[in-house]
Amino acid sequence: MADGGRTKPNILVTGTPGTGKTTTSSLLADATGLRHLDVSSLVRSKSLHDGWDDEFDCHIINEDLVCDELEDMMEIGGNIVDYHGCDFFPERWFDSVVVLQTDNSILHDRLTSRGYMGSKLTNNIECEIFQVLLEEAKSSYAEEIVMALQSDSVEDISSNVATLTDWVNNWRPVSRSS
């Protein structure tokens, strides 16, 4: 764990678009009093991007600007960071990394209802099939802080929020020896 002297933990909630990151993060913030930081919304509202990707119909995130924007809040602690990528955030920021996963047919339905089509739909379904974000999390963070949770239903989300709330309530800063 890399708490850096924080008194509250930082959690990264990641996963393919449509796995329930924002819903889970919002409910977890309500349950724990931690701050929900939706990176996609932050990128839009603060122009932390390098333009628009026409093929994938989204902003081209500027990872350095995002990290600069979040740095002070992350050092203080008490944050739930919600984003579909995870490999560019500093490892020291997080005490837990949660990867939400969803059955491919459910994910397909969720994404098409959002208007995803073509290469954007295919790319995201393939990312889930090949567990790209779970592997990215495992290669970017200490294995003991990475947790994969199924997120197919309202019941799954409720159970995940309860599990994570218990984790937050039991979290203690790592004591540093001199």
Side-chain angles (χ1 to χ4, degrees), residues 1-2 9-29 32 34 36-43 49 53 55-64 66-67 70 74 79-168 171:
M1 285 186 208
N10 287 326
I11 302 169
L12 173 61
V13 179
T14 190
T16 305
T19 56
K21 294 177 302 298
T22 301
T23 300
T24 299
S25 296
S26 180
L27 291 169
L28 182 59
T32 62
L34 299 180
H36 175 202
L37 300 171
D38 179 345
V39 173
S40 294
S41 294
L42 196 64
V43 166
H49 58 82
D53 184 322
E55 180 184 359
F56 290 106
D57 195 31
C58 64
H59 286 106
I60 302 164
I61 185 173
N62 182 314
E63 296 170 353
D64 291 332
V66 169
C67 288
L70 295 177
M74 298 306 293
N79 301 294
I80 303 164
V81 176
D82 159 6
Y83 192 60
H84 62 265
C86 69
D87 61 346
F88 68 92
F89 296 116
E91 183 178 6
R92 72 181 186 281
W93 280 3
F94 299 107
D95 303 290
S96 181
V97 176
V98 177
V99 182
L100 297 179
Q101 298 181 303
T102 300
D103 176 86
N104 299 326
S105 60
I106 294 169
L107 184 62
H108 184 275
D109 292 346
R110 289 179 186 173
L111 294 177
T112 55
S113 74
R114 291 182 180 185
Y116 283 43
M117 59 181 79
S119 59
K120 186 173 184 176
L121 176 62
T122 303
N123 181 272
N124 282 295
I125 296 294
E126 287 176 355
C127 280
E128 190 68 6
I129 290 169
F130 296 111
Q131 299 188 353
V132 170
L133 290 166
L134 179 59
E135 293 307 314
E136 185 178 288
K138 286 180 176 180
S139 68
S140 300
Y141 301 96
E143 189 173 334
E144 66 269 12
I145 73 166
V146 177
M147 176 187 333
L149 296 174
Q150 201 62 30
S151 185
D152 292 338
S153 65
V154 171
E155 293 79 16
D156 287 343
I157 292 171
S158 180
S159 174
N160 293 343
V161 169
T163 297
L164 294 169
T165 298
D166 286 345
W167 181 88
V168 168
W171 180 82

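Residues: numbered from 1 along the sequence shown.
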Participant: Excluding sequence neighbours, so at least two apart, what forms side-chain contact (heavy atoms from CB on, under 4.5 Å) with Thr32?
Facilitator: Leu28, Leu34, Ile80, Thr165, Val168

Participant: Might you point out which heavy atoms bring Pro90 and Cys67 nearest each other, and give the distance in Å?
Facilitator: CD-SG, 4.0 Å

Participant: Roughly how far apart are Asp109 CG and Asn104 CG, rounded to 0.5 Å?
Facilitator: 11.0 Å

Participant: Could you give me the CA-CA distance, side-chain angles and deciding distance for Asn10 and Val81, then say whether side-chain contact (heavy atoms from CB on, under 4.5 Å) is met?
Facilitator: CA-CA 8 Å; Asn10 287 326; Val81 176; over 6 Å; no

Participant: How close do Ile145 and Phe94 get, counting heavy atoms only, and between which atoms?
Facilitator: CD1-O, 3.7 Å

Participant: Would you compute the distance between atom OH of Tyr83 and atom CD1 of Ile61 and round it to the nearest 0.5 angstrom?
Facilitator: 3.5 Å

Participant: List the residues meeting side-chain contact (heavy atoms from CB on, under 4.5 Å) with Ala148, not counting sequence neighbours, and say none if there are none.
Facilitator: Gln101, Leu134

Participant: What pair of heavy atoms forms the shortest contact from Pro17 to His84, and how long is it?
Facilitator: CD-CB, 4.0 Å

Participant: Just so I know, are the side chains of Val98 and Trp167 near enough to count as touching, which here means a heavy-atom distance under 4.5 Å?
Facilitator: no

Participant: Could you please spell out the steps behind the side-chain contact (heavy atoms from CB on, under 4.5 Å) verdict for Val43 and Ser40?
Facilitator: CA-CA 5 Å; Val43 166; Ser40 294; 5.7 Å; no

Participant: Which pairs pass side-chain hydrogen bond (donor to acceptor under 3.5 Å, both in side chains) with one or both residues in residues 125-140, sequence neighbours excluded?
Facilitator: Thr16-Glu128

Participant: Would Tyr116 and Asp57 satisfy side-chain contact (heavy atoms from CB on, under 4.5 Å), going step by step from the backbone distance to the final call?
Facilitator: CA-CA 9 Å; Tyr116 283 43; Asp57 195 31; over 6 Å; no

Participant: Nearest heavy-atom pair of Lys21 and Gly15: which atoms, and what distance?
Facilitator: NZ-O, 3.2 Å

Participant: Roughly how far, to the nearest 0.5 Å, is CG of Asp53 from NZ of Lys120?
Facilitator: 9.0 Å

Participant: For Pro9 and Asp95, which heavy atoms make the closest approach, and how far apart are they?
Facilitator: CA-OD2, 3.3 Å

Participant: Closest approach of Ile157 and Ser151, non-hydrogen atoms and distance?
Facilitator: CG1-OG, 3.7 Å

Participant: Can Val161 and Thr24 be said to form a side-chain contact (heavy atoms from CB on, under 4.5 Å), step by step?
Facilitator: CA-CA 6 Å; Val161 169; Thr24 299; 4.2 Å; yes

Participant: Does Thr122 reach the main-chain N or O of Gly118 with its side chain, forming a donor-acceptor pair under 3.5 Å?
Facilitator: yes

Participant: I'd like to know if the side chain of Ser113 reaches the main chain of Arg110, judged simply by a donor and an acceptor atom lying under 3.5 Å from each other, with no hydrogens or angles considered.
Facilitator: yes

Participant: To the nearest 0.5 Å, how far apart are OG in Ser25 and CG in Leu37?
Facilitator: 9.5 Å

Participant: Residues in side-chain contact (heavy atoms from CB on, under 4.5 Å) with Thr163, at least two apart?
Facilitator: Ser159

Participant: Are Asn79 and Leu70 close enough that some pair of their side-chain heavy atoms sits under 4.5 Å apart?
Facilitator: no

Participant: Nearest 0.5 angstrom please: Thr19 OG1 to Leu107 CG, how far?
Facilitator: 7.0 Å

Participant: side-chain contact (heavy atoms from CB on, under 4.5 Å) with Asn62: which residues, sequence neighbours excluded?
Facilitator: Asp50, Asp64, Leu65

Participant: Rounded to the nearest 0.5 Å, how far does CH2 of Trp93 lie from CE of Met74?
Facilitator: 6.0 Å

Participant: Of all residues at least two apart in sequence or in a different chain, which pass the ring pair (Phe, Tyr, Trp, His ring centres under 6.0 Å) check with His59?
Facilitator: His49, Trp52

